[in-house]
Amino acid sequence: MKYKGNFFSLPNEIFLLGLSPGELAVYCYLRRCENQKTHQCWPSYKTIGEAVGMCANTVSRHVKKLEERGLISVEPTKVMTKAGVTRNGTLQFTLMPPQNVIARHYEEKLAELEQATERQRVQKSLEQQTKNTPCAPL
């Protein structure tokens, strides 16, 4: 089946990462804007905020969280004016393959599960040792 029209895909596992509603809204907007070949886009915080109903400062906070999670990278750009002066340009957002973040999330959850299992094993061992050790008379 071939789709035509304006849409973007989002992996189902993205909902397992524990993103806040704001983070999810910003991430979805960036996915909507991204160039499918380069995985980059250049919307301003104000533009993102207008699209998802947030102020620019809130968008900035969510972008930082998404960057910490490894879902996106953000780089400032430079522009040259006609007068030859270098100025700050827009931010360049690069959306990372979500499979990497999802795989890391599963690895972290597995490590947590293994730690919990080890703690339970040690605790049971200590309980058995306590039961088998006679109490000293007073």
J.: After noting the C-alpha distance and the side-chain angles of Ser44 and Leu91, does the key distance pass the side-chain contact (heavy atoms from CB on, under 4.5 Å) rule?
T.: CA-CA 7 Å; Ser44 67; Leu91 292 175; over 6 Å; no
J.: Has the side chain of His39 got a donor or acceptor atom that lies under 3.5 Å from a matching backbone atom of Met96?
T.: no
J.: Is there a donor-acceptor contact under 3.5 Å from the side chain of Thr117 to the main chain of Leu113?
T.: yes
J.: Keeping Arg31 on the side-chain end and Val26 on the backbone end, is there a donor-acceptor pair under 3.5 Å?
T.: no
J.: Using 0.5 Å steps for rounding, measure from the CD atom of Gln115 to the CD atom of Gln120.
T.: 12.5 Å
J.: Starting from Leu71, can I reach Trp42 by hopping between I/L/V/M/F/W/Y residues whose side chains sit under 4.5 Å apart?
T.: no
J.: How long is the straight-line distance from CD of Glu114 back to CZ of Arg121, given to the nearest 0.5 Å?
T.: 13.0 Å
J.: Which residues pass the side chain to side chain contact (heavy atoms under 4.5 Å, CB included) test with Leu126, not counting sequence neighbours?
T.: Val122, Gln129
J.: Between Pro43 and Leu30, what is the shortest heavy-atom contact and its length?
T.: CG-CD2, 3.8 Å
J.: Please determine if Glu127 and Lys124 form a salt bridge, counting it only when a charged side-chain N lies under 4.0 Å from a carboxylate O.
T.: no
J.: Supply the atom-to-atom distance Tyr27 OH to Phe93 CZ, rounded to the nearest 0.5 angstrom.
T.: 13.5 Å
J.: Starting from Phe15, can I reach Val101 by hopping between I/L/V/M/F/W/Y residues whose side chains sit under 4.5 Å apart?
T.: yes
J.: Roughly how far apart are Cys41 SG and Gln36 CD, rounded to 0.5 Å?
T.: 10.5 Å
J.: For Val52 and Ala25, work out which heavy atoms get closest and say how close.
T.: CG1-O, 3.7 Å
J.: Any side-chain hydrogen bond (donor to acceptor under 3.5 Å, both in side chains) involving residues 50-65? Give me the pairs, sequence neighbours left out, ordered by first then second residue.
T.: none
J.: For the pair His105 and Glu107, evaluate side-chain contact (heavy atoms from CB on, under 4.5 Å) and give the outcome as yes or no after the intermediate values.
T.: CA-CA 5 Å; His105 174 74; Glu107 289 169 4; over 6 Å; no
J.: Supply the atom-to-atom distance Gln40 CD to Thr94 OG1, rounded to the nearest 0.5 angstrom.
T.: 4.0 Å
J.: Could you grab the distance from atom OH of Tyr106 to atom CG of Leu17, nearest 0.5 Å is fine?
T.: 8.0 Å
J.: In terms of hydrophobic clustering (I, L, V, M, F, W, Y; side-chain heavy atoms under 4.5 Å; direct or indirect links), are Leu19 and Leu16 co-clustered?
T.: yes
J.: Table please: side-chain donor-acceptor pairs of residues 74-83 below 3.5 Å, with sequence neighbours left out.
T.:
{"unit_1": "Thr77", "atom_1": "OG1", "unit_2": "Thr90", "atom_2": "N", "d": "3.1"}
{"unit_1": "Thr77", "atom_1": "OG1", "unit_2": "Thr90", "atom_2": "O", "d": "2.5"}
{"unit_1": "Lys78", "atom_1": "NZ", "unit_2": "Asn88", "atom_2": "OD1", "d": "2.9"}
{"unit_1": "Thr81", "atom_1": "OG1", "unit_2": "Ala83", "atom_2": "N", "d": "3.4"}
{"unit_1": "Thr81", "atom_1": "OG1", "unit_2": "Val85", "atom_2": "N", "d": "3.0"}
{"unit_1": "Thr81", "atom_1": "OG1", "unit_2": "Val85", "atom_2": "O", "d": "3.2"}

J.: Considering only heavy atoms from C-beta outward, does the side chain of Pro21 approach that of Leu24 to under 4.5 Å?
T.: no
